[in-house]
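Written out below as structure tokens is the structure these notes cover.
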Amino acid sequence: MEERKVDVAIIGSGTAGLNAMGRVKRAEKDFVLINGGEPGTTCARVGCMPSKAIIQVAEDFHRRSLFVREGIEGGEQLKMDIPEALEHTRDLRDNFVDRVLSNSTDHLSEDVFIQQYARFVEPGVVELEDGQRIRAEKFVIATGSTPIVPEAWKAFGDRIVTTDEFFELEDLPASMAVIGLGVIGLELGQAIARLGVKVTGIDLSENIGGITDPEVNKAAIEVIGKEFPLWLGQGAEITEEPDGRLRVTAGENSVVVDKIFASLGRRPNLDRLGLDKLGIALDERGIPAYNPNTMQIGDHPLFLAGDVNADRPILHEAGDEGKIAGYNAGHDEIRAFQRKTPLAIVFSDPNIISVGSRFADLEADSFKVGEMKIAPVGRALIMGKNRGTIRVYADKQSGRLLGAEMVAPRGENLAHLLAWCIQKEMTVGELIQMPFYHPVMEEALQAALTSLYHQVEAKNAGPIAELISID
Ligand SMILES: Cc1cc2nc3c(=O)[nH]c(=O)nc-3n(C[C@H](O)[C@H](O)[C@H](O)COP(=O)(O)OP(=O)(O)OC[C@H]3O[C@@H](n4cnc5c(N)ncnc54)[C@H](O)[C@@H]3O)c2cc1C
Ligand SMILES: NC(=O)c1ccc[n+]([C@@H]2O[C@H](COP(=O)([O-])OP(=O)(O)OC[C@H]3O[C@@H](n4cnc5c(N)ncnc54)[C@H](O)[C@@H]3O)[C@@H](O)[C@H]2O)c1
């Protein structure tokens, strides 16, 4: 079969691939965008957007538990129409997918946007499913990731649900075991529990939501554990009951459920790419070594962007990595780009957050911790959401803000403020000089920062620490 030649081939039309395409276009290179599977991006189709839609429904319904206390009558008569809620989620999802497609691949000809899986057959050449070969000077590999389902569980068929299937469900089962309490398990586990599903949460680890600070982890377990049982520190075994339901056993605990929600993490889509044909070194996970500032694999004309590299599997990072990979694939000279301050948000209620350096990654005795519990915070009390804790970290000597982990209502907003300040290399002294309105959740952050300020060595000049003196 004839071989087609282009300057750049981008494999994968998710967020990373589309952002790469933008940069390759600007460089006026001849390119193809090759995508196997459904177009429209993981984020819009089965990720960020539909998950936030169902979380919103669940949170709105859950709010009724506070109505009596607030003097609002009739809350107990409110009912969930689950099929309708799932339909609403799908409607929003379709809208988001349409928007992605109409802003990107809908404008491309079939020659440029090729909807097939690609596999390397030799360095510089990929083969498509129909046998067509494409030779490119440079490749951006942006093939994303897939939910992990242990091989033995596949025998249970559609009783094992991942996010690839969840948003297609017409109704929710009466009971579900959520196995894996990272981001997805907590977000969707809490949402379906609030919609009336009897949920049991299970994780191999003693830590949930990716939190590493023991105090914050304790708070997260306490808050989430009030809504459904958490079995931590043990793997789960699944067996079939005579009635076709599934028994899940973890250590001493055992429960029979209708379905299992598998949220054990995601694996990079590298297995069907034929990387073995490229003569590049792969790590034990099968991922090539690459430079996170250039996205280049060694000194090969190959760039690895987005979830496929398993480094920062979140949307804005996939976008940035796509831009870097696309820029470098479109230019002769390789440029390195600074990466953004790490930010991880679990959209549970309250939010579970890690920003900047994680507690576990900080060197003992090099840093101080400022803490504020959410219980007495005025705005949180008014919202009926006064649960959680904020822990901020700063360098003991310089007072430079390093990171934070927290369980907090509106934590998504607090986390952004902190990420911006960390990226600007601000000190805790500088932060306490910023304005804090009353009564807002930021006051909880102010209290944590003030307690941190008193512990670090670097102090603000002038007689009042919170105010910059003019002379
Ligand atoms: C349930 C869920 C909720 C999430 N929520 C959030 C959130 O709230 N905030 C956030 O920041 N992030 C969130 N994420 C993560 C975010 O969605 C991802 O980081 C992002 O979508 C990754 O984009 P990508 O371009 O790397 O991959 P994708 O969008 O998955 O694109 C990869 C594409 O490559 C295709 N492909 C695979 N193999 C081949 C091949 N051999 N040849 C050709 N094409 C191939 C795939 O079919 C796919 O279309 C969530 C993820 C999930 C699953
Ligand atoms: N809000 C967000 O930004 C958001 C939301 C959803 C997903 N995502 C992205 O999607 C990715 C995947 O999410 P995820 O929640 O599936 O993965 P994760 O890595 O966050 O969590 C997986 C969890 O499964 C547990 N686990 C692994 N094997 C297990 C086993 N055999 N038995 C029991 N527990 C087991 C792990 O200990 C971990 O807690 C995340 O890395 C995240 O970046 C982001």
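One-based numbering, in listed order, for ligands and for the atoms of each. Predicted, not measured: the structure shown is a model, and the values here were computed from it.
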**Study point:** Pair V97-E38, side-chain contact (heavy atoms from CB on, under 4.5 Å): steps then yes or no
**Key:** CA-CA 10 Å; V97 170; E38 284 289 312; over 6 Å; no

Check your understanding: Got more than 12 heavy atoms from elsewhere within 6.0 Å of NZ, K424?
Key ->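 No, the 6.0 Å shell around NZ holds no more than 12 heavy atoms from other groups.
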
Practice item. Before giving the answer on side-chain hydrogen bond (donor to acceptor under 3.5 Å, both in side chains), spell out for N309 and E321 the whole-Å C-alpha distance, their side-chain angles and the decisive distance to 0.1 Å. Key: CA-CA 10 Å; N309 64 39; E321 292 181 3; 2.8 Å; yes

Exercise for review: Give the ring-plane orientation class for Y327 versus H331, where under 30° counts as parallel, over 60° as perpendicular and anything between as tilted.
Suggested key: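 Aromatic pair Y327/H331 classed parallel.
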
Sub-4.0 Å atoms of ligand 2 with respect to non-hydrogen atoms of [X]:
{"X": "I314", "result": "3 (O), 43 (O)"}
{"X": "S205", "result": "37 (O)"}
{"X": "L204", "result": "28 (N), 29 (C), 30 (C), 31 (N), 32 (N), 33 (C), 34 (N)"}
{"X": "F347", "result": "1 (N)"}

Can you pull out the closest protein heavy atom to [atom]? Residue, atom name and distance to 0.1 Å, please.
{"atom": "atom 11 (O) of ligand 1", "value": "L315 N, 2.8 Å"}
{"atom": "atom 37 (C) of ligand 1", "value": "T143 O, 3.2 Å"}
{"atom": "atom 37 (O) of ligand 2", "value": "D203 OD1, 2.6 Å"}

Taking [atom] as the point of reference, which of [options] owns the nearest heavy atom?
{"atom": "atom 41 (O) of ligand 2", "options": "G185, A236, P313, G189", "answer": "P313"}
{"atom": "atom 31 (O) of ligand 1", "options": "G319, A318, G14, G47", "answer": "G14"}
{"atom": "atom 2 (C) of ligand 2", "options": "I345, L188, V346, I179", "answer": "I345"}
{"atom": "atom 53 (C) of ligand 1", "options": "R266, H316, E321", "answer": "R266"}
{"atom": "atom 49 (O) of ligand 1", "options": "L270, I184, V308, N35", "answer": "N35"}

**Study point:** ligand 1 contact on V46 by region, counting heavy-atom pairs under 4.0 Å
**Key:** backbone

Check your understanding: Does I11 approach ligand 1 within less than 4.0 angstrom via side chain, backbone, both or neither, non-hydrogen atoms only?
Key ->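 Side chain only; the backbone of I11 stays clear of ligand 1.
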
Ligand 1 N/O within reach of [X] N/O, cut-off under 3.5 Å:
{"X": "T42", "result": "yes"}
{"X": "F167", "result": "no"}
{"X": "T163", "result": "no"}
{"X": "L273", "result": "no"}
{"X": "A118", "result": "yes"}
{"X": "Y117", "result": "no"}

Review point. For the side chain of E110 and the backbone of I114, is there at least one donor-acceptor N/O pair under 3.5 Å apart?
Key: no

Check your understanding: N/O of N207 under 3.5 Å from N/O of ligand 2, yes or no?
Key -> no

Check your understanding: Is S263 in contact with ligand 2, taking contact as a heavy-atom separation below 4.0 Å?
Key ->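 Checking ligand 2 against S263, which is what was asked, there is a heavy-atom contact under 4.0 Å.
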
Revision key, fill the gap. In terms of heavy-atom contacts, N217 and I208 come closest through OD1-N, 3.0 Å

